[in-house]
Amino acid sequence: MNFQLDKYPIYINNKEINAQLKLKFYYDETNNVRKILFKKNDTLNIKPEDLYKNFVLGGIVTNINEHININDLKDIINLDKTVKEIKLKYIAKGNFLEVLKSEKLELFLQWIYENNINIHYTSVNLLYWSIVDIIDSIEDNLVIQYNRELKDTLYLLIKSNLNKFLSFAYKFNYPNIKYSDEKYFLKEMINFINQTIILNDNKKNINPFFIIIIKDIFNKKFEELTFLKGKNLKIEDSFSHFYLTNLALFPMSYHCFDEEYYIQEEFKNYEFSYKNKKWENLEFKNSINDELIQISDVIVGLIGKLNEFQNTYKTFDRIIKGMQFQQIKNFTLLIGLLSKSAAKNHLFQNDISADSELLKIFEIKKFLNLSNINNYNCNYKI
């Protein structure tokens with residue numbers, strides 16, 4: 001199968017971007033569940049709480065001819081000489097708030113700053129990714145006008161009553177809804193929404209205006225739910241498309257991934273080309289043989305913990321008030337790095353998540369008086 005990297009060029013202000021940029025991208029991943037599917041009942045192959053742990057693919061990006069020596073980093077963080085690979089667990093352990101207590105993490109992030117290294121990533125909220133096609137399958141002007149708001153509202157409703165949603169989604173072979181069942185599926189969705197509103201103790205977080213719109217468009221006559229025609233009971237069959245994205249965005253750059261057997265097997269089916277020539281700027285390496293992939297392990301692990309923190313906490317004021325000075329320093333360093341990288345190239349950061357989750361990071365920044373740090377972007381409007 002031929003995969004033409006220049007088939008869908010990216011344009012901004014009528015100018016093709018990134019095509020000529022020559023950079024080095026290093027990748028690792030975290031929370032890679034590989035597939036999301038129903039088993040022979042209404043339970044998933046993963047724990048429901050794992051849906052709140054974003055799949056993160058990313059790491060660091062450098063100039064094409066830049067050589068980075070990490071021996072000084074090993075000395076700075078006092079890495080044990082017996083350790084074969086730099087990993088997040090050797091720098092900080094625990095959940096997001098716990099890793100922020102690490103002095104070694106501060107030294108690591110400062111080293112990233114001082115070496116002018118940028119961060120790139122794609123972060124996918126698995127629950128959000130699993131349900132957005134319900135909205136996108138409805139052909140209605142209101143869906144176009146309020147697309148992000150409607151997806152966010154539906155996400156919040158499903159998140160607050162997840163087991164109930166999974167139960168009836170399984171009954172309809174979600175996401176492969178038969179045409180004859182589509183009306184009943186949407187009727188069941190309306191019943192689900194009504195029940196969830198009654199049960200929900202956080203009604204103030206869900207805008208009733210968008211709930212009304214969702215129920216209205218579900219009630220209307222509609223065309224076939226095109227995007228709900230996947231494989232029976234397989235919500236996500238492969239994450240390979242996330243690996244392909246940066247290859248198309250940065251075809252003149254070099255892309256070095258940590259070994260991932262299933263992705264490598266899928267990639268064997270592709271013949272990559274760019275401008276009608278064979279494209280070979282891609283490599284999978286064992287992380288033990290590439291220290292910059294090891295650095296990427298720390299980066300994506302940290303972003304993954306940040307995302308889980310965003311997705312699971314409900315109120316932040318009490319938590320933030322209790323943060324120690326070391327935690328505030330590390331959080332400021334991390335947000336500063338992400339902002340600097342986004343300023344370098346806004347396509348270095350791709351957050352596929354609900355607006356309500358993404359906004360939390362800005363709320364925390366405001367609470368900590370970090371308004372001098374520019375907001376970093378959410379670039380995938382899904």
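Owing to the predicted nature of the structure, the values given are computational and were not obtained by experimental measurement.
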task: Might you work through the side chain to side chain donor-acceptor pair (under 3.5 Å) test for Lys340 and Asn118, ending with a clear yes or no?
output: CA-CA 7 Å; Lys340 179 180 77 73; Asn118 288 303; 3.0 Å; yes

task: Can you tell me which residue pairs pass the salt bridge (Lys or Arg N to Asp or Glu O under 4.0 Å) test with a partner in residues 100-111, sequence neighbours excluded?
output: Glu106-Lys329

statement: Here the salt bridge (Lys or Arg N to Asp or Glu O under 4.0 Å) pairs for residues 54-68, sequence neighbours left out, are none

query: Can you find a pair of side-chain heavy atoms, one from Trp129 and one from Leu51, that are under 4.5 Å apart?
result: no

Shortest non-hydrogen contact between Thr153 and Asn207, atoms and distance: CG2-O, 4.5 Å

field: Validation row: Ile91, Leu302 side chains within 4.5 angstrom (heavy atoms)
entry: no

task: Take Tyr155 and Asn125 through the side chain to side chain donor-acceptor pair (under 3.5 Å) test and state the conclusion after the steps.
output: CA-CA 10 Å; Tyr155 166 83; Asn125 181 314; 3.1 Å; yes

query: Who passes ring pair (Phe, Tyr, Trp, His ring centres under 6.0 Å) against Tyr52, sequence neighbours left out?
result: none

field: Any donor-acceptor N/O pair, Thr196 side chain to Ile158 backbone, under 3.5 Å
entry: no

- prompt: Are any non-hydrogen side-chain atoms of Thr245 and His241 less than 4.5 angstrom apart?
  reply: no

- prompt: Is a side-chain N or O of Ser167 found less than 3.5 angstrom from the main chain of Asn163, in a donor-acceptor match?
  reply: no

task: List the atom of Leu100, the atom of Met323, and the distance in Å for their closest heavy-atom pair.
output: CD1-CE, 4.0 Å

With sequence neighbours excluded, residues passing side-chain contact (heavy atoms from CB on, under 4.5 Å) with Asn32: Glu29, Arg34, Phe55, Phe239, Tyr243, Glu260

field: Side-chain (Asn115) to main-chain (Trp111) donor-acceptor, under 3.5 angstrom
entry: yes

CA sep, side-chain torsions, deciding dist, call: Asn191, Phe168, side chain to side chain contact (heavy atoms under 4.5 Å, CB included): CA-CA 11 Å; Asn191 291 335; Phe168 85 79; over 6 Å; no

message: Can you list everything that forms a ring pair (Phe, Tyr, Trp, His ring centres under 6.0 Å) with Phe284? Sequence neighbours excluded, please.
response: Phe257, Phe267

message: Can you tell me how far apart CD (Glu149) and CG (Asp355) are? Round to the nearest 0.5 Å.
response: 7.0 Å

message: Testing the 3.5 Å rule here: is there a donor-acceptor pair between the side chains of Asn311 and Lys159?
response: no

- prompt: Which residues, ordered by chain and number, are linked to Phe325 in its hydrophobic cluster, where ILVMFWY side chains connect at heavy-atom gaps below 4.5 Å, directly or through other members?
  reply: none

message: Are the side chains of Trp279 and Leu247 in contact, using a 4.5 Å heavy-atom criterion?
response: yes

message: Do Tyr121 and Asn54 make a side-chain contact, defined as non-hydrogen atoms from C-beta onward lying under 4.5 Å apart?
response: no

message: I'd like to know if the side chain of Asp80 pairs up with that of Thr82 as donor and acceptor (distance under 3.5 Å, no hydrogens or angles considered).
response: yes

- request: Salt-bridge test for Lys305 and Glu308: reply yes if a basic N is under 4.0 Å from a carboxylate O, no otherwise.
  value: no

- prompt: Who passes side-chain hydrogen bond (donor to acceptor under 3.5 Å, both in side chains) against Asn31, sequence neighbours left out?
  reply: none

- prompt: Got Ser356 and Leu156 here, is their nearest side-chain heavy-atom distance under 4.5 Å?
  reply: yes

- request: Answer yes or no: is there a donor N or O on one side and an acceptor on the other, between the side chain of His120 and the main chain of Leu347, under 3.5 Å?
  value: no

- prompt: With under 30° as parallel and over 60° as perpendicular, where do the rings of Phe185 and Tyr174 fit, or are they tilted in between?
  reply: parallel

query: Just wondering, more than 12 heavy atoms not from Tyr262 lying within 6.0 Å of its OH?
result: no

- prompt: Below 4.5 Å, heavy atoms only, C-beta onward: do Asn330 and Leu334 meet side chain to side chain?
  reply: no

query: Will you find, in the side chains of Tyr274 and Asn281, an N or O donor that is under 3.5 Å from an N or O acceptor?
result: no

message: Let me confirm one number: the CD-NZ distance from Glu271 to Lys278, rounded to the nearest 0.5 Å.
response: 8.0 Å

field: Any pair counted as salt bridge (Lys or Arg N to Asp or Glu O under 4.0 Å), so long as it reaches residues 115-135, sequence neighbours left out
entry: none

task: Check for a donor-acceptor pair, side chain of Thr122 on one end and backbone N or O of Asn350 on the other, with a separation under 3.5 Å.
output: no

- prompt: Looking at Ile64 and Leu23, what are the two nearest heavy atoms and their distance?
  reply: CD1-O, 3.4 Å

message: With a 4.0 Å cut-off on N to O distance, would you call Lys151 and Asp136 a salt bridge?
response: yes

message: Once ring pair (Phe, Tyr, Trp, His ring centres under 6.0 Å) is applied, do any residues pair with Phe209, and if so which ones, sequence neighbours excluded?
response: Tyr146

message: Asn69: which residues meet the side-chain contact (heavy atoms from CB on, under 4.5 Å) condition with it, sequence neighbours left out?
response: His67, Asn71

- prompt: Atom CG in Asn63, atom NZ in Lys22: separation rounded to 0.5 Å?
  reply: 12.5 Å

field: Nearest heavy-atom neighbours spanning Ala92 and Ser102
entry: CB-CB, 3.6 Å

Leu225 backbone acceptor or donor facing Glu182 side chain under 3.5 Å: yes

task: Please name the pair of heavy atoms, one in Ile217 and one in Ile214, separated by the smallest distance, quoted to 0.1 Å.
output: CG1-O, 3.2 Å

In a table with atom names and distances, give each donor-acceptor pair under 3.5 Å that connects a side chain of residues 286-295 to protein atoms at least two apart or in another chain.
residue: Asn286; atom: OD1; partner: Ile288; partner atom: N; Å: 3.0
residue: Ser287; atom: OG; partner: Glu85; partner atom: OE1; Å: 2.5
residue: Asp290; atom: OD1; partner: Leu292; partner atom: N; Å: 3.0
residue: Asp290; atom: OD1; partner: Ile293; partner atom: N; Å: 3.3
residue: Asp290; atom: OD2; partner: Lys285; partner atom: NZ; Å: 2.9
residue: Glu291; atom: OE2; partner: Lys74; partner atom: NZ; Å: 2.7
residue: Gln294; atom: OE1; partner: Ile86; partner atom: N; Å: 2.8
residue: Gln294; atom: NE2; partner: Ser287; partner atom: O; Å: 2.9

Inter- and intrachain pairs under ring-ring contact (aromatic ring centres under 6.0 Å, His included), touching residues 69-110, at least two apart: Phe96-Phe309

query: Between His255 and Asn246, what is the shortest heavy-atom contact and its length?
result: CE1-O, 3.4 Å

- request: List the steps and the verdict of side chain to side chain contact (heavy atoms under 4.5 Å, CB included) for Asp140 and Asp216.
  value: CA-CA 10 Å; Asp140 190 284; Asp216 180 58; 5.7 Å; no

- request: Please assess Glu259 against Gln264 for the test side chain to side chain contact (heavy atoms under 4.5 Å, CB included), listing each intermediate value before the final yes or no.
  value: CA-CA 8 Å; Glu259 287 184 337; Gln264 289 174 253; 3.6 Å; yes

- prompt: Between Val143 and Glu139, is any pair of side-chain heavy atoms under 4.5 Å apart?
  reply: no

Polar side-chain atom of Gln327 near backbone of Gln324 as donor-acceptor pair, under 3.5 Å: yes

message: Is it the case that atom CG in Asn141 sees more than 12 heavy atoms from other parts of the structure closer than 6.0 Å?
response: no

- request: Consider only side-chain heavy atoms of I, L, V, M, F, W and Y, link residues closer than 4.5 Å, and tell whether Ile193 and Ile212 are in one cluster.
  value: no

